[in-house]
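Below are the structure tokens for one structure; questions will follow.
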There are 2 protein chains.
Amino acid sequence: MAELSKATGAAGGTIFHHFKNKEDLFLNILENTKATILSEFAHYQKVRECRNGLEMVEGAVAFYLNLTGTLEDPFLLLHRHFPYEMAETNPVCRACLESIYNCLLDIFEEGLRVGQQDGSVQTLSARNTAMVMFAMVDGIVRLNTYRIYNAGALYVSLMDACRRLLTDNGQAAR
Amino acid sequence: MAELSKATGAAGGTIFHHFKNKEDLFLNILENTKATILSEFAHYQKVRECRNGLEMVEGAVAFYLNLTGTLEDPFLLLHRHFPYEMAETNPVCRACLESIYNCLLDIFEEGLRVGQQDGSVQTLSARNTAMVMFAMVDGIVRLNTYRIYNAGALYVSLMDACRRLLTDNGQAAR
DNA sequence: TCAAAAACCGACCGATCATTCGGTCGATTA
DNA sequence: TAATCGACCGAATGATCGGTCGGTTTTTGA
């Protein structure tokens, strides 16, 4: 709270004038994070250009990697343990987190379904595959933010892995 | 500290008789975690049975999934933000984390290299592919521990994804 | 113009935190 | 037996925490 007070220039008591308590404050930040991610996705959905499902999925990966870069702090929040601990007792928090993850997963799943229709993607369960892909991309992002390894050098390998996951020979017709 | 005191039955002051301070205590726990994981891996290396590199990698995935189940608390520690924050200023902590991740990555990489030799695995950079695979498996584990989705239902999809990543048709000769 | 409302301040509060310290106790050594 | 030791206790310590409150300033709108 002291750090926040200094950063915003507001006195300690003023913060509690706008937010009931720390939990309420955190929930507001989380809702804000959710709104930002959902709006970024809505914008991406409008401007994206892709000829088939495979390109949609590849675009989704690139979008997510880009998002974690521009929204570094919000994703640092989502990569902490605290929100998920809070979600176990606080339904509002849980609903918020689920909205965020559903949005992120839908980006992948949508591409997979389209790809199944047009034949550019082979996969059994779109939802399950979407989760596995999301776990992979997000795992790379974590390796990067935690500075265990520089994941920047992994983007090529990551995109290659995605293509292998989705097509039968890893070399889809493009 | 109070929680730890109650759990161990030792008085508050006694803990500080054995450990210099909280940081020292945490470092001891981390070193202990590292030793446990390394010894579990050494044991696995002895008893595993695999006919080729592909089976080694599949075994590694199963081993990691099993490990996160039996060593739930240590991995909960590794999935928190704190250790990586500490690693940025504390070289001992950083070295410890690197040892753990190198060990875990080596399990995957070893199988990839053997698989490249015997032809059961197609991949360019073994280290990079190992990281991508690790990120994927660990990402699934996180989805599970944070209870966003039940990742238990994803194990089949996960193993399928691994096979796709490593072979040209996802149906390796077995 | 002015009074009510809202925003804001910072001193203050009790609770909790990590850590310290004086001292007890049982085992080992001189 | 006396001296020394390390393990252990738990009350006490000061710092920090989230949160409150009385009073001041700013904004609002009739």
Side-chain angles (χ1 to χ4, degrees), chain A residues 1-36 39 71-100 145-147, chain B residues 1-36 39 71-100 145-147:
Chain A
M1 297 306 293
E3 212 172 318
L4 184 62
S5 173
K6 192 184 285 180
T8 58
T14 304
I15 297 171
F16 288 97
H17 176 73
H18 295 280
F19 304 95
K20 212 171 55 188
N21 49 34
K22 256 185 88 174
E23 184 165 319
D24 179 48
L25 168 61
F26 177 77
L27 238 46
N28 267 271
I29 294 172
L30 198 62
E31 297 274 6
N32 208 57
T33 298
K34 168 188 151 191
T36 306
S39 114
L71 303 179
E72 207 175 329
D73 284 347
F75 275 94
L76 208 54
L77 197 81
L78 291 173
H79 283 166
R80 280 181 177 260
H81 186 264
F82 175 74
Y84 309 94
E85 202 177 342
M86 186 174 169
E88 292 194 357
T89 55
N90 187 318
V92 180
C93 178
R94 159 157 279 271
C96 195
L97 286 174
E98 280 180 359
S99 294
I100 293 172
T145 51
Y146 285 169
R147 312 208 175 283
Chain B
M1 297 306 295
E3 212 172 317
L4 185 61
S5 173
K6 193 186 283 180
T8 58
T14 304
I15 299 171
F16 287 93
H17 176 74
H18 294 279
F19 303 96
K20 212 170 56 186
N21 48 34
K22 258 185 87 174
E23 184 165 319
D24 179 47
L25 168 62
F26 177 77
L27 238 46
N28 267 271
I29 293 171
L30 197 63
E31 296 272 7
N32 208 56
T33 298
K34 167 188 150 191
T36 306
S39 111
L71 303 179
E72 208 175 329
D73 285 345
F75 275 94
L76 208 55
L77 196 81
L78 290 173
H79 284 166
R80 280 179 177 262
H81 186 264
F82 175 74
Y84 308 94
E85 202 176 343
M86 186 174 169
E88 291 194 0
T89 56
N90 187 319
V92 180
C93 178
R94 160 157 277 271
C96 196
L97 286 173
E98 280 181 359
S99 294
I100 293 172
T145 51
Y146 286 168
R147 314 208 173 282

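As the structure is a prediction and not an experimental result, all values here were calculated from the model. Here is how names work: the chains are called A, B, and so on, in the same order as the sequence lines, proteins then strands, and each is numbered from 1.
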### Task
Decide if atom CD of A:Glu72 counts as having more than 12 heavy atoms of other residues, nucleotides or ligands within a radius under 6.0 Å.
no
#### Entry: Sequence-distant partners of B:His81, side-chain hydrogen bond (donor to acceptor under 3.5 Å, both in side chains), two or more places apart
A:Arg80, B:Glu85
#### Entry: Exam field: side chain B:Tyr84 to backbone B:His79, donor-acceptor pair closer than 3.5 Å
no
### Task
Look only at the side chain of A:Ser5 and the backbone of A:Met1, and say whether a donor-acceptor pair between them is shorter than 3.5 Å.
no
### Query
To the nearest Å, how far apart are A:Phe19 CZ and D:dT20 C1'?
18 Å
### Task
Determine, for nucleotides 10-25 of chain C in 5'-to-3' order, which nucleotides have protein heavy atoms under 4.0 Å from the base (write B), from only the sugar-phosphate (write S), or from neither (write -).
B-------SBB-----
### Message
At less than 4.0 Å, is any side-chain N or O atom of A:His17 found next to OP1 or OP2 of C:dA7? Yes or no.
### Response
yes
### Task
Going by the side chain to side chain contact (heavy atoms under 4.5 Å, CB included) test, name the single residue among A:Leu30, A:Thr33, A:Thr36 that passes it with A:Pro74.
A:Thr33
### Query
In terms of side-chain heavy atoms of A:His18, which of C:dC8, C:dC9, D:dA7 is nearest?
C:dC8
